[in-house]
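Only this structure's heavy atoms are used, side chains among them; waters, hydrogens and symmetry mates stay out. All chains are named by letter (A, B, ...) in the order of the sequence lines, taking the proteins before the strands, and each is independently numbered beginning at 1.
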Protein chains: 2
Amino acid sequence: MTAPTRRITLKDLARELGVSTATVSNAFNRPDQLSPALRERILGEASRLGYHGPDAKARSLRTGRSRIIAVILAESLTYSLNDAVASEFLSGVAEVLDAQGHTLLLLSSRQTQGQIPGSASMADGFIVYGLMPSPSLLGRLPAQASLVSVDFDIAGRPTVHVDNEAACLAIARHALRTPPRRPAVVNLRLTAEPCNGRITPAHALLGAEQTITRSRLTGFHRALAEHGIDPAGVPMWNIEENTFEVCAPVIETILDRPDDERPDLLLCMSDRIALTAVTLAEQRGLRIPEDLRITGFDGIAEGQYRAPRLTTVRQDSTEKGRTAARIILGLAPAEPSLLPTELVIGANCP
Amino acid sequence: MTAPTRRITLKDLARELGVSTATVSNAFNRPDQLSPALRERILGEASRLGYHGPDAKARSLRTGRSRIIAVILAESLTYSLNDAVASEFLSGVAEVLDAQGHTLLLLSSRQTQGQIPGSASMADGFIVYGLMPSPSLLGRLPAQASLVSVDFDIAGRPTVHVDNEAACLAIARHALRTPPRRPAVVNLRLTAEPCNGRITPAHALLGAEQTITRSRLTGFHRALAEHGIDPAGVPMWNIEENTFEVCAPVIETILDRPDDERPDLLLCMSDRIALTAVTLAEQRGLRIPEDLRITGFDGIAEGQYRAPRLTTVRQDSTEKGRTAARIILGLAPAEPSLLPTELVIGANCP
DNA sequence: CTGAAAGCGCTTACAG
DNA sequence: CTGAAAGCGCTTACAG
C-alpha cells in the first residue's frame, strides 16, 4: 500500500529491484538474456507490484509492430457480422491470428465517417475482404503494412480466391441435366447502379475485376450455351444485399408471375437468395423440385440443415480466412491462392 | 521523387515547412490553434509528401488512449462469429463505436494461448460478453481501463442485462395454457461439469451469478408451479454449445424415446436448440404442434423466416451491444441497464 | 497565433 | 550476463 496511485512502469520496477530497465525488459521478452534466478526475481516482484508486463502502446511505438491485424470488410460491420459467409471467413482469420498471438481489428470500408479511423493505422497488416476499397482508402493505409485481398484483386498484392466461374459452370451443368423450360438467374450486386429487381438491357454491369458475381454469371452462361440455351434469352434479376429482407420482395416478384411465365429453374448467386426463394415458394404452395428447382452458392449450414436440403456450391469460407491470415503473417508465401469448391447436390434440385 | 525511402514523420514535415512540430500537430488535431491559411498550407504539403496524419502508435502512447475498444467473448471467436445472437450483439457494438470514430478489437477468453495477448491492453475499454472471465484474466486488464459486463455481473462494474427470469416466466405461462402431459426443459450450459445429455440429481448446477440459464430456469419453474406441476418432476437435458452439431445428438435422445415417454412440450433455452428440435422432429414425422410443442429463446431471424414460425422470447441483442458500447464510451451513465424482451408467438407453440 | 522542450514507456544495439 | 543511453513519433502545457 505504498500508494501507487500512478500506474507502475518498467522503469519503476527496475528502480525497485536495483537493475536496469534493459534487464527487466529482457526478463519479459528475451529469457535467454539473463539468468533464470534473476528472471524469477524480476517476474515475482512484477506480479507482487501488479505490473502485468510491458505496455503495449509503448512497445508498439518502439518496435513498430502492434500484433494487430485489421480486416477491412466491404459491407457494413452490421451486415458482415450477420452474414454466414463473412462470419465464417472472419472466424478462419481469427483462428490463425489467435494461434499466433495476434489480435483482430474489425473495420468497414463503409465506415460512418466515410473513412477508416486513424487508429486503424496501428495494424501491422490488412486483409481486405469482398470488394475493392476506394483508392483514397487504400492510399491511407500505411505504405509499409502488408496487404492481402480476398475475392478481388489489388495489383501487385497477394489474393485469396475461389474459382467462381468453374464452380458455377459445374452447378449449372448439373441443374441443366434436367432441361428447364424457363431458367432464370438471380444475381448479387451485378449492376453498376443499385438495382433490386429485373435486370434490363439498360443496366450497365460491373466488370469481372469489380465483382465475383460476373465470373459466376460467366459460368452459368457457359453451361447454358452448352445446352443450346441462348444466355441472352435467360431473364436475370439482381439483389443488392444478401439478406432475407432485401431478397424477399425481388423473389416475390418472380414467383408471383403467371404459371406460364414463372421460371422453373432459379440459378441463385448465394444460398441466402436460394433459401429465401425456397421459403417463399413453399408459402405459395409451389412444389420443390417439381414446380421449381433452385440452386444456391456458398454451402452455408442453414441450407444443409433444413428440408429440402439445398443444392449448392460449397466454398470453404473458413479456410479462405485462414489462408488470408497465414499470408498476412508471413506463414504462407505472398502469392495468389485459389481454393477449391465442391458441388453439393440436395433435394431442391436433384 | 526525393527518395523518401524512410517513412515521413511529423517532424520531417515541420522541418520541410519551417514551422514547429507543435504547429503541425495542431493543424491535424486542433484547427482552432492556428490560422486557416497556415493550416491549409500544412495539410496541402502533407498530402503532397504522402503524410497521412499523426502516427497512431505514437499518438496512443503520448495521449494514453488508442480509440480501440475490445470485446472479450466468452466462447471462441469461431463459435461467436457464427452464432446469430453474438453476431447481433457485436454488430450493435460496432455500430456505436463506428459512429464515434472508435474501432473494434475482438478477443476471446478462450484464447489459444490461455490468456489474452498483450496487445489487447492497448484498448481504452473492455466489453466482457457472456461469461465471467477468470479472475487472472480480469486482473491482467489495465486497471484504469473502463469495463462493462454483459449477461453477468462483475462487482462494482456497470452491466447490461435482459430480464431472463421474467421472460421465461412469460413464455412458459403461454405454453402451459395448453396443459402438456410431459413437459421437459432443454438447458444451455447449466451444469457445473460439461454435460450433453440428461441432467440427473448427481449434477451440480451453476449459480445464477455464473450463468443466465439459471434465471431462465427459475422462470420456467415458477410458471410450472403456478400450473400445479412440480418442477422437480420435469425432466431436464443440457447442452454445452449452441450449435446444430452439438444439439442434435441430445435432441435425438429425447425424440427417440417411446411415444408414451416422449415429451410433448419442450421448453428450450435458445432458438438454436428449438430449431434443431423442429428439424429433427419433422424428420421423424412428428406433427408440430399436435405431437410436440417447442419454445425457444432469442428471437433470431432464422426462427422467424421458416415454417412453422418459432414461438420464442425476442431479445434485442443489437440494442444490447449498442448499450454496452455507449456505456464504455461514456455516452450513457455507467450504471446497470436492463433491456426489455418480447414474447413472440409462432405456429410451433400457438 | 506560434515555437522550444519535456516526456509518454518501452526496446535495442552497444559496451563492459 | 548486465547497464547506460538513445530514440520510436507524437502531444501538450507553457512561454512568448
Side-chain angles (χ1 to χ4, degrees), chain A residues 4 6-43 45-46 49-67 118-119 121-124 142-145, chain B residues 4 6-43 45-46 49-67 118-119 121-124 142-145:
Chain A
R6 204 171 52 81
R7 167 143 139 269
I8 195 168
T9 69
L10 185 148
K11 204 168 160 187
D12 299 332
L13 185 56
R15 194 185 318 110
E16 197 75 25
L17 284 156
V19 299
S20 78
T21 59
T23 300
V24 178
S25 174
N26 284 334
F28 283 98
N29 300 317
R30 304 173 162 190
D32 56 310
Q33 295 293 302
L34 72 175
S35 68
L38 179 55
R39 178 156 191 261
E40 276 307 299
R41 191 160 76 87
I42 293 175
L43 263 33
E45 187 68 8
L49 265 50
Y51 180 74
H52 299 309
D55 177 79
K57 296 189 194 79
R59 181 200 294 231
S60 74
L61 172 58
R62 178 58 230 228
T63 63
R65 315 215 305 105
S66 60
R67 300 188 147 253
S119 54
S121 67
M122 213 140 19
D124 293 339
Q144 78 282 17
Chain B
R6 204 172 53 82
R7 168 142 139 273
I8 195 167
T9 69
L10 185 147
K11 205 168 158 188
D12 299 331
L13 186 55
R15 194 184 320 110
E16 197 73 27
L17 285 156
V19 300
S20 79
T21 59
T23 300
V24 178
S25 174
N26 285 334
F28 283 98
N29 300 317
R30 304 172 162 192
D32 54 310
Q33 296 293 300
L34 71 175
S35 69
L38 180 55
R39 178 157 191 258
E40 276 307 299
R41 193 160 75 87
I42 293 176
L43 264 32
E45 187 67 8
L49 264 52
Y51 180 76
H52 299 308
D55 176 79
K57 297 189 194 79
R59 180 199 296 229
S60 74
L61 172 58
R62 177 59 231 228
T63 62
R65 315 213 306 105
S66 60
R67 297 187 150 256
S119 55
S121 67
M122 215 144 13
D124 294 338
Q144 77 283 16

Under 4.0 Å between a side-chain N/O of [X] and OP1 or OP2 of [N], yes or no?
X: B/Y51; N: D/dG9; result: no
X: B/R59; N: D/dC10; result: no
X: A/T23; N: D/dG3; result: yes
X: A/S25; N: C/dT11; result: yes
X: A/T9; N: C/dG9; result: no

Quick check: closest heavy atoms across [X] and [Y], and the distance to 0.1 Å?
X: B/I8; Y: B/G50; answer: CG2-O, 4.1 Å
X: B/L13; Y: B/A46; answer: CD2-CB, 3.7 Å
X: A/K57; Y: B/S60; answer: CD-O, 3.1 Å
X: B/T21; Y: B/K11; answer: CG2-CA, 3.9 Å
X: B/P54; Y: B/F28; answer: CD-CG, 3.7 Å

Is there side-chain contact between A/S66 and B/M122, with at least one heavy-atom pair below 4.5 Å?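 The answer is yes; the side chains approach within 4.5 Å.
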Does A/L17 reach the side chain of A/I42, with side-chain heavy atoms less than 4.5 Å apart?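 A/L17 reaches A/I42 side chain to side chain.
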Tell me the interatomic distance from [X], atom [atom1], to [N], atom [atom2], rounded to whole angstroms.
X: B/N26; N: D/dC14; atom1: CG; atom2: P; value: 15 Å
X: A/M122; N: C/dC10; atom1: CE; atom2: C1'; value: 16 Å
X: B/D55; N: D/dC10; atom1: CG; atom2: P; value: 5 Å
X: B/N29; N: D/dT11; atom1: CG; atom2: P; value: 5 Å
X: B/R15; N: C/dA4; atom1: CZ; atom2: C1'; value: 15 Å
X: B/R30; N: D/dT11; atom1: CZ; atom2: C1'; value: 8 Å
X: A/R67; N: C/dT11; atom1: CZ; atom2: P; value: 12 Å
X: B/D12; N: D/dC10; atom1: CG; atom2: C1'; value: 13 Å

Against the side chain of A/L34, the closest entry in C/dT2, D/dA4, D/dT2 is D/dT2
Measure from the side-chain heavy atoms of B/Q33 and tell me the nearest of C/dG7, C/dG9, C/dT2.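 For B/Q33, the side-chain atoms sit closest to C/dT2.
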B/F28 near the nucleic acid: base, sugar-phosphate alone, or nothing, with a heavy-atom cut-off under 4.0 Å?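 Counting heavy atoms under 4.0 Å across all strands, no contact is made by B/F28.
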When all nucleic acid strands are considered with a 4.0 Å heavy-atom cut-off, which category describes A/L61: base, sugar-phosphate, or nothing?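 Base contact - A/L61 has a heavy atom under 4.0 Å of at least one base atom.
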Taking pairs as Watson-Crick (N1-N3 plus N6-O4 or O6-N4) or G-U wobble (N1-O2 and O6-N3), each distance under 3.5 Å, the stems of three or more consecutive pairs with DNA chain C are C:1-3 with D:14-16, C:5-12 with D:5-12, C:14-16 with D:1-3
Heavy-atom nearest nucleotide on DNA chain C for B/A58 versus B/S35: which residue maps closer to 5'? B/S35
One should read off an interatomic distance between B/R65 CZ and A/S119 OG, to the nearest 0.5 angstrom, of 10.5 Å
